[in-house]
Amino acid sequence: MTNNYSAAQQGVVWSGPSSDLDHCMEVLLERTNLFEVLGNEKQVILKPNLVEALEPPVTTPASFIVAIVTQLRKHCPHLNIIIADGTGSLSYDTFHCFDVLGYLPIAEHTNVSLVDLNSEPSRHIENRDCLRWPEMYLPELIFDSFLISVPVLKAHSMSRVTLTMKNMMGCAPPAHYQGNGGWGKSSFHHHLDEAIFDLNRYRTPDFTILDASIGMAQAHLWGPTCDPPVGKIAVSYDPVAIDAYGTSLLGKSWQDIGHIRMAHQLLGSADPLTVKEPLSVKTA
């Protein structure tokens, strides 16, 4: 199942500086007409990257989520807002990540719900065109909501990048995807790029808000951050376009990323890529 963005939105990314987070967030979401789109929705999921209970930029900062919630509450007060993810750790559940990483106060002060996708009821779905996952189990909740992926900009030791399409792995329940491994989604490590691609054939994000304020330069759980920090926020309806853009911010080519290359022209467009920058970086 893919999202329903228009032809005019294919291959288009909006980007701005992260230095003035709240202002940039509002401008970017306005320019994309997201508030208008959400006017017809009842429920939205914000899906951060909480792969483990590790501090940002390994994970999506709570402050970044607050900036999004603030704009949604301001412009779309009717929405039921859910923050949902499924950590990969087998040592603790996602609510431990919510606690350690400062997400619990968001729910308390902004009237949003926190959900552990690892324990949500699942839907069994099939797509015989998918070679890696001809059938999948995914949370029913992600099909009943407008899904906004909120990844952080990171390189990855196996798939080379982890951006919005790989962020969808948080939706896969360990009950079906732990396999024999010591990680909640270990089954994905077998033919990882193909697994990411097939997962997104069942459900891609409807919209992505990428935190590229810092960036992980070499790997997703360890190693150096980008120096200097990237200093950007990027948004798009097209998951392939924003992953191609994020890949370029890490100094890599999307053609070298297996899951982006597979998804190009099927789930979105990596080329041609149009980057719109309604805001410029402030200078002293």
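Predicted model, so just to flag it, every value in this text is computed and none were measured.
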Nearest heavy-atom pair of [X] and [Y]: which atoms, and what distance?
X	Y	result
Met262	Phe197	O-CE1, 3.5 Å
His264	Ala270	ND1-N, 3.0 Å
Ala212	Leu249	CB-CD1, 3.9 Å
Tyr202	Asn127	OH-N, 3.1 Å
Ala155	Leu250	N-CD1, 3.7 Å
Ala195	Phe188	CB-CD2, 3.6 Å

Between [atom1] of [X] and [atom2] of [Y], what distance do you get to the nearest 0.5 Å?
X	Y	atom1	atom2	result
Asn200	Met168	CG	CE	6.0 Å
Ile142	Leu147	CD1	CG	6.5 Å
Arg73	His78	CZ	NE2	10.5 Å
Leu29	Lys74	CG	NZ	11.0 Å
Gln255	Thr247	CD	OG1	10.0 Å
Ile233	Leu279	CD1	CG	9.0 Å

(message) side chain to side chain contact (heavy atoms under 4.5 Å, CB included), that's the test. Do Cys171 and Arg203 meet it? Break it down for me.
(response) CA-CA 10 Å; Cys171 299; Arg203 184 67 165 106; over 6 Å; no
(request) Quick one: sort the Tyr92 and His96 rings into parallel, tilted or perpendicular, breaks at 30° and 60°. (result)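 Tyr92 vs His96 ring planes: tilted.
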Donor-acceptor under 3.5 Å ([X] side chain, [Y] main chain):
X	Y	value
Gln9	Ser6	yes
Ser145	Val44	no
Asp198	Trp133	yes
Asp243	Ile260	no
Ser269	Gln265	no
His156	Thr162	no
Gln178	Gly181	yes
Thr60	Val150	yes
Arg201	Asp129	yes
Trp14	Val235	no

Spell out, yes or no, whether [X] and [Y] are grouped together once hydrophobic residues are joined by side-chain heavy atoms under 4.5 Å, including indirect joins.
X	Y	answer
Ile196	Met216	yes
Leu267	Met169	yes
Val152	Ile148	no
Val161	Trp254	yes
Leu90	Phe95	no

Min side-chain heavy-atom separation [X]-[Y] under 4.5 Å:
X	Y	result
Asp116	Thr87	no
Tyr237	Gln10	no
Asn49	Lys154	yes
Cys76	Leu79	yes
Tyr103	Asp99	no
Thr225	Asp227	no
Leu117	Leu141	yes
Ser157	His220	yes

(request) Sort out for me which residue in Thr208, Thr204, Asn167, Asp206 forms a side chain to side chain donor-acceptor pair (under 3.5 Å) with Ser149. (result)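 Among Thr208, Thr204, Asn167, Asp206, the one that satisfies the side chain to side chain donor-acceptor pair (under 3.5 Å) with Ser149 is Asn167.
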(request) Would you indicate whether Arg31, at its atom CZ, is surrounded by more than 12 heavy atoms from other residues, nucleotides or ligands within a distance under 6.0 Å? (result) no
(request) Go through Leu163 and Leu153 one step at a time and tell me if the side chain to side chain contact (heavy atoms under 4.5 Å, CB included) criterion holds. (result) CA-CA 6 Å; Leu163 299 162; Leu153 180 73; 3.7 Å; yes
(request) Kindly indicate whether a cation-pi arrangement holds for Arg123 with Phe143, taking the cut-offs as under 6.0 Å to the six-membered ring centre and within 45° of the axis. (result)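 Positive - Arg123 is close enough to the ring of Phe143 and near enough to its axis.
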Is it true that the side chains of [X] and [Y] contain a donor and an acceptor less than 3.5 Å apart?
X	Y	value
Lys185	Asn118	yes
Ser89	Glu52	no
Glu194	His259	no
Tyr177	Ser186	no
Asp238	Ser236	no

(message) With side chain to side chain contact (heavy atoms under 4.5 Å, CB included) as the criterion, how do Met158 and His189 come out once you've worked through the C-alpha distance, each side chain's angles and the decisive distance to 0.1 Å?
(response) CA-CA 8 Å; Met158 295 176 65; His189 285 172; 4.0 Å; yes
(request) Apply the test side chain to side chain contact (heavy atoms under 4.5 Å, CB included) to residues Phe146 and Val37: give CA-CA distance (whole Å), side-chain angles for both, the deciding distance (0.1 Å), then the verdict. (result) CA-CA 10 Å; Phe146 188 94; Val37 170; 3.9 Å; yes
